[in-house]
Amino acid sequence: MSPEVPIIILVFAIPIYFLSKWVLKKMDIGDNQNRKYIAVIPAIILSPLLYIGIIMIWVFSISYYPNVTFNKQKWDSNYEERYKMSKDIIKSDILIGKTKDEIIELLGNDFYAYDKNHISYELGFVPELFNIDPVFLDIYFENGKVIKVNQHRS
């Protein structure tokens, strides 16, 4: 645990202590001396929970990204945010059954060809904690037609 963590928890504990003391007074629980000791309990319990809660909210907020319906203009103009459209492309099956030429017309010429039956488009970087690798949309062909579409990290 870094030295900042106890200080941050203490920063949370002080207002929780005074808030607890005020609530105890409003509820008329105990006398003034007892309230001081009773208010320490919620401060000790709630401060670390509040700290963990704030960290969890932060982690979830940086790993969230919206799912956007596929739009050719957005796909062509914003390479870094193609990942937002990838789930729609995969779930809607809009590529299934199309030929390679139709895929190139729809998604563009900036793909990587693994072989004649497998091409891949870069989708950008998905916002996640410690994510340093781009994500790719893999398109698989059989008999010249798309049979499967998925995504992977490099």
Side-chain angles (χ1 to χ4, degrees), residues 1-23 26 39-154:
M1 182 162 47
S2 69
E4 295 88 18
V5 172
I7 294 169
I8 294 171
I9 292 175
L10 185 62
V11 168
F12 291 139
I14 293 169
I16 291 173
Y17 169 77
F18 286 111
L19 180 65
S20 299
K21 195 172 160 188
W22 178 78
V23 168
K26 288 293 181 189
V40 169
I41 296 169
I44 290 172
I45 294 170
L46 295 178
S47 300
L49 293 176
L50 182 62
Y51 177 71
I52 291 169
I54 289 172
I55 289 174
M56 295 300 288
I57 289 170
W58 176 73
V59 167
F60 288 129
S61 70
I62 65 168
S63 63
Y64 168 78
Y65 68 91
N67 293 322
V68 177
T69 304
F70 175 76
N71 179 307
K72 183 167 175 39
Q73 289 79 21
K74 287 181 184 177
W75 178 270
D76 292 338
S77 66
N78 198 346
Y79 294 101
E80 291 298 315
E81 294 189 359
R82 286 179 170 179
Y83 64 87
K84 292 180 179 179
M85 293 179 257
S86 65
K87 284 186 182 175
D88 180 59
I89 291 171
I90 294 167
K91 287 186 180 185
S92 68
D93 290 336
I94 61 173
L95 303 181
I96 301 297
K98 292 192 183 301
T99 64
K100 190 172 188 177
D101 291 334
E102 292 172 320
I103 297 297
I104 293 170
E105 183 180 320
L106 184 64
L107 300 180
N109 219 4
D110 59 333
F111 61 89
Y112 174 78
Y114 291 97
D115 57 41
K116 68 177 187 160
N117 292 323
H118 181 196
I119 64 173
S120 182
Y121 287 89
E122 186 172 346
L123 300 174
F125 293 88
V126 175
E128 292 177 339
L129 198 58
F130 307 118
N131 184 23
I132 58 171
D133 296 325
V135 177
F136 293 89
L137 183 71
D138 290 322
I139 302 170
Y140 298 91
F141 298 91
E142 188 175 279
N143 299 325
K145 302 237 183 221
V146 176
I147 58 163
K148 183 171 119 179
V149 180
N150 64 14
Q151 105 183 16
H152 83 277
R153 285 185 209 287
S154 64

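Everything quoted here is computed from the prediction, not taken from an experiment.
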Where is the tightest heavy-atom contact between [X] and [Y], given as atom of each residue plus distance?
| X | Y | value |
| --- | --- | --- |
| K116 | K100 | O-NZ, 4.5 Å |
| L123 | S86 | CD1-CB, 3.6 Å |
| F141 | H118 | CD1-N, 4.3 Å |
| E102 | G97 | OE1-O, 4.4 Å |
| S47 | A13 | OG-CA, 2.9 Å |
| D138 | S120 | OD1-OG, 3.1 Å |

Steps toward side chain to side chain contact (heavy atoms under 4.5 Å, CB included) verdict (L95, F70): CA-CA 11 Å; L95 303 181; F70 175 76; over 6 Å; no
Any V40 side-chain heavy atom under 4.5 Å of Y17 side chain: yes
With rounding to the nearest 0.5 angstrom, report the [atom1] to [atom2] distance, [X] to [Y].
| X | Y | atom1 | atom2 | value |
| --- | --- | --- | --- | --- |
| F12 | L50 | CZ | CG | 5.0 Å |
| I103 | F111 | CD1 | CZ | 10.5 Å |
| R82 | D76 | CZ | CG | 7.0 Å |
| T69 | I94 | OG1 | CD1 | 9.5 Å |
| K148 | I96 | NZ | CD1 | 10.0 Å |
| L19 | L46 | CG | CG | 9.0 Å |

Donor-acceptor contact below 3.5 Å, side chain K72 vs main chain L106: yes
Backbone of G108 reached by a side-chain donor or acceptor of Y121 within 3.5 Å: yes
Residues in salt bridge (Lys or Arg N to Asp or Glu O under 4.0 Å) contact with K84, at least two apart in sequence or another chain: E81
Residues in side chain to side chain contact (heavy atoms under 4.5 Å, CB included) contact with Y112, at least two apart in sequence or another chain: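 Y112 satisfies side chain to side chain contact (heavy atoms under 4.5 Å, CB included) with Y114 once adjacent residues are dropped.
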Side chain to side chain contact (heavy atoms under 4.5 Å, CB included) between I90 and L137, worked out: CA-CA 9 Å; I90 294 167; L137 183 71; 4.0 Å; yes
Crowded around [X] [atom1]? As in, over 12 foreign heavy atoms under 6.0 Å?
| X | atom1 | result |
| --- | --- | --- |
| N143 | CG | no |
| K74 | NZ | no |
| E105 | CD | no |

Set of residues satisfying side chain to side chain donor-acceptor pair (under 3.5 Å) with respect to K87, sequence neighbours excluded: none
